[in-house]
Amino acid sequence: RSSACTCWDPPQPSFLAPEGQSPSKYMHCSVGCIPSSAAVAQKFALPISVVIHPLNDVAGQDNVPVVNFGATGVIRCRRCRTYVNPFVVFIDAGRRWRCNVCGLLNDVPSDYYCNLDGSGKRRDISERPELSCGTVEYVAPADYMVRPPQPPSFVFVIDVSARSVQSGLVGEACQTIRQTLSQLPGQPRTQVGFLTFDSSFHFYNLKSTLSEPQMLAVPDLDDPFLPLPSELLVNLCECRGLVDALLEKIPTTFANTTNPDSALGPALQAACAMMQHVGGKLQLYQSCQPTLGKATTRAHEDTALLGSDKESSLLNPSTDAFKTLALEVCSKSQISVDVFCCCEGHADLATLLPIAKYTNGQIYHYPNFEASRDADTFRADVIRSLTRPMGFEAVMRIRASQGVKVSAFHGNHYLRGADLLALPTIDADKAFSCDLQLEEQNLTCSHVAVQCALLYTTSDGERRIRVHNLNIPVSTNMADLYATLDVRASMNVLLKTAVEQAITTKLMDARSRLQSACVNCLRGHRLMCQGAELTEETKLLPIYVLAALKNLVLRDGVEVRADERSMLMMMVGSAPTRATSSMLYPSMFALHKLANTPYGTPGADGQAQMPPLVRLSSEALEADGLYLLDTGYMLLLWIGKASSPQALSDLLNLSSADRLDGAKVNLPQLQTDLSQRSLAILNRIRQAHPLALSLYTVRQGGAAESKMLQFMVEDRTLSTMSYPEWWNALSRQLQ
């Protein structure tokens, strides 16, 4: 039985010639070769796709080469606009170059000329990163700018209704924002603005000549206006004292409020108006559903629709107001929106989701938020969202060789025209994918070139073009597709596609499509690769598909609430390969077996050495064990009913786990071997994920154990097969 394994980053494929390829952490293909005919691609059944994680830099480790062509201008193909790259061919003694995407011969500018060596390579290739490195950044000249680079701007929109104050959200948001101000990117050019709302909304004049901030209340929700357009968004460095004073003042100003209302829609419109001349990042901190204004959400979840053919209606917005705002105002004005949703009960995330999805923003969900319980997770998420590497006013385009077209894009973005992804902001946590499709029945080329170009403004105000390149061989042998298959990358795209289908049609259609892809892929192997064994990688496909069918994002039945599913679907949209791998087949580690091993101690790279993975089956859970499960968005600590009091004391500083079922905990820092090893493993896991991962304890036999068992994807449930049963069912379908 094969066990899936979660990678921290995709390994560099051994089947691609390494010279000139983009590192796989930036861009990788679901297969290591492209089928030479459309007929072979159809029999293969899995998508031929590319996963792109364009800004996946690691601070202090990465140094993407920067190229400045100066007066020469960026060297591009004059027909298809491909950027010069390691796979173009120079001919005519170096005076012309052939585009590897469309085949056109281009003249080499005189000040870029260099003669060729005996093998036909330019003699200066080692001095030209754009001709030797798969990923480079070009300094964009003025003609790549619609306007001069704008200062990074952040507008914070804070719900100050009674629920928001009572839950502690107002105080926690203001305190966390204030603590993060010095780390905001782009200083000293950075601009900030604030807006609070309940039944009306309130602007704040932060002009540097004032002695204290001035609140300006606007009760007119139908036609919001800016009372002082030029003094609401201010330079942070010049007005830091007033900004600090405001963030101290807001919690006390509304401390005794009894106002239960929320004018969320008008507040968002007003906040967009504040920053639409510069664009930037808008962060919404919401504690209750909107009750006033035209943009409203579903007050209650219709649970009768859960598990039915009409469940998709709960996953679609109840109004187009937020999508309209996203497309007609935010995207056009280069505004990206993050939503920190802290509602009590049903939040109707499906209706709010478009404001973040189409602006490449993010949704964070803290159901029934209480600061006493959730502050640490909330604080870590806010800090990460504001301080991670970030670009502004971005657009991205993907080009492929003649005979191959980019047939579909997947991710959280707005597609402007046929092939331009509009991204008001882009950060290190966002990934996208696209499908490649043969336009001709048979390819005559030996390789397919794929180039991704991201035009964006750095937080320092420099316009850059980050270019990633792949050169993928073409094969006439279908066995090569299976030999070079990357199941995790394929599942990343299959899951994104399934989510899109679940929203547009039915959840059952998405599940059926996944199963069909798996069956048809294995059938293609049996028919076209007769006698050949499945590769170890291909054997992972059934377990990952089974895991997807059991995952909360696609699981059928009435257990999964609409908000939870909507949140997971939003996460899938922007998830890179490693994130969807963690989500589908979480990593489980046996903490009680760390003693007398190297696991949890620093390795040669200084990182904690990770213990071996445990199969995701309840059979693998020993009654005297302590197991840590990493789902990619939540951590679970399973405590066996026969766990020794000593182990509990060494790990949790407790003698009994009786009160720990379903509790959110932080592991204490103890001087015991088990504590120090476990904390080192926990810290490494958290560093590998962009979200702040809360840790919950689950007792064997306790009421909360179902939260753990739902991730045991190899087990049988009331409605799904076990892994062996699934294999047997697949085998019968293949006969």
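Below, each value reflects all heavy atoms present in this structure, side chains not excepted, and no hydrogens, waters or symmetry copies.
- Scanning all heavy atoms of the two residues, the minimum distance from P152 to G186 falls at CG-CA, 3.8 Å.
- A donor-acceptor pair shorter than 3.5 Å cannot be found between the side chains of S49 and S433.
- We find that D57 and R466 are joined by a salt bridge, their nearest charged nitrogen and carboxylate oxygen being less than 4.0 Å apart.
- Going from atom CG of L282 over to atom CZ of F154 covers 11.5 Å, rounded to the nearest 0.5 Å.
- Nearest heavy atoms, R684 versus A608: NH1-O, 2.8 Å.
- Ring geometry, F409 versus H413: the interplanar angle exceeds 60°, so the pair is classed perpendicular (tilted spans 30 to 60°).
- Classified by interplanar angle (parallel below 30°, tilted 30° to 60°, perpendicular above 60°), the ring pair F194/F156 is parallel.
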For residues 418-425, please give each side-chain donor-acceptor pair under 3.5 Å, one per line with the distance, not counting sequence neighbours.
from : atom 1 : to   : atom 2 : distance (Å)
D419 : OD1    : R397 : NE     : 3.3
D419 : OD1    : R397 : NH2    : 3.3
D419 : OD2    : R397 : NE     : 3.2
T425 : OG1    : S336 : OG     : 3.1

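- There is a side-chain donor-acceptor pair under 3.5 Å between Q362 and K430.
- For the pair V218 and H202, the minimum side-chain heavy-atom distance is 4.5 Å or more.
- Taking CD of Q191 as the start and CZ of R189 as the end, the distance is 9.0 Å to the nearest 0.5 Å.
- In plain terms, the two heavy atoms of P586 and T631 that are nearest each other are CB-CA, 3.9 Å.
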Please list every donor-acceptor pair under 3.5 Å in which a side-chain atom of residues 237-250 meets a protein atom from a residue at least two apart or in another chain.
from : atom 1 : to   : atom 2 : distance (Å)
R240 : NE     : D244 : OD1    : 3.1
R240 : NE     : D244 : OD2    : 3.2
R240 : NH1    : S182 : OG     : 3.1
E248 : OE2    : R178 : NH1    : 2.6
E248 : OE2    : R178 : NH2    : 3.2

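- For the residue pair S385 and Q283, a side-chain donor N or O sits within less than 3.5 Å of a side-chain acceptor on the partner.
- For T135, the side chain to side chain donor-acceptor pair (under 3.5 Å) criterion is met by S22, H468, not counting sequence neighbours.
- Salt bridge absent: R463 and E393 never bring a charged side-chain N and a carboxylate O closer than 4.0 Å.
- Residues passing the side chain to side chain donor-acceptor pair (under 3.5 Å) test with T580, sequence neighbours excluded: N492.
- The minimum heavy-atom distance between P185 and T190, with the atom names listed, is O-OG1, 2.6 Å.
- Within the 4.5 Å cutoff, the side chain of F340 has no heavy atoms near those of the L169 side chain.
- Note: S153 OG to L184 CG = 10.5 Å, rounded to the nearest 0.5 Å.
- Looking at T351 and D348, their side chains do bring a donor and an acceptor atom within 3.5 Å of each other.
- For N368, the side-chain contact (heavy atoms from CB on, under 4.5 Å) partners at least two apart in sequence or on another chain are E344, R373.
- Aromatic ring pairs are classed by plane angle as parallel below 30°, tilted from 30° to 60° and perpendicular above 60°; the pair Y138 and F69 is parallel.
- Here the OH atom belonging to Y204 is positioned 12.5 Å from the CD atom belonging to E212, to the nearest 0.5 angstrom.
- Closest non-hydrogen pair, D159 versus C288, comes out as OD2-N, 3.3 Å.
- When all heavy atoms of A489 and V51 are compared, the pair lying nearest together is O-CG2, 4.1 Å.
- T457 places none of its side-chain heavy atoms less than 4.5 Å from the side chain of Q150.
- Within the 3.5 Å criterion, the main-chain N or O of E462 finds a donor-acceptor partner in the side chain of T458.
- Taking a 6.0 Å sphere around CD of Q669, one finds it holds 12 or fewer heavy atoms contributed by other residues, nucleotides or ligands.
- Using a 30° and 60° split on the angle between ring planes, Y366 and F369 fall in the perpendicular class, above 60°.
- Atom NE2 of H365 is separated from atom CG of L352 by 10.0 Å, given to the nearest 0.5 angstrom.
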**OP:** Apply salt bridge (Lys or Arg N to Asp or Glu O under 4.0 Å) to the pair R384 and D429, showing each step before the final yes or no.
**Re:** CA-CA 10 Å; R384 172 71 182 171; D429 298 332; 2.6 Å; yes

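- Under the rule for a salt bridge (Lys or Arg N to Asp or Glu O under 4.0 Å), the partners of E370 that lie at least two apart in sequence or sit in another chain are R163.
- The aromatic rings of Y414 and Y358 sit perpendicular to each other, their planes meeting at more than 60°, with 30° as the lower class boundary.
- Between atom CD1 of residue I52 and atom NE2 of residue H410 there is a gap of 10.5 Å, rounded to the nearest 0.5 Å.
- Using a 4.5 Å heavy-atom cutoff, the side chains of I681 and M610 are in contact.
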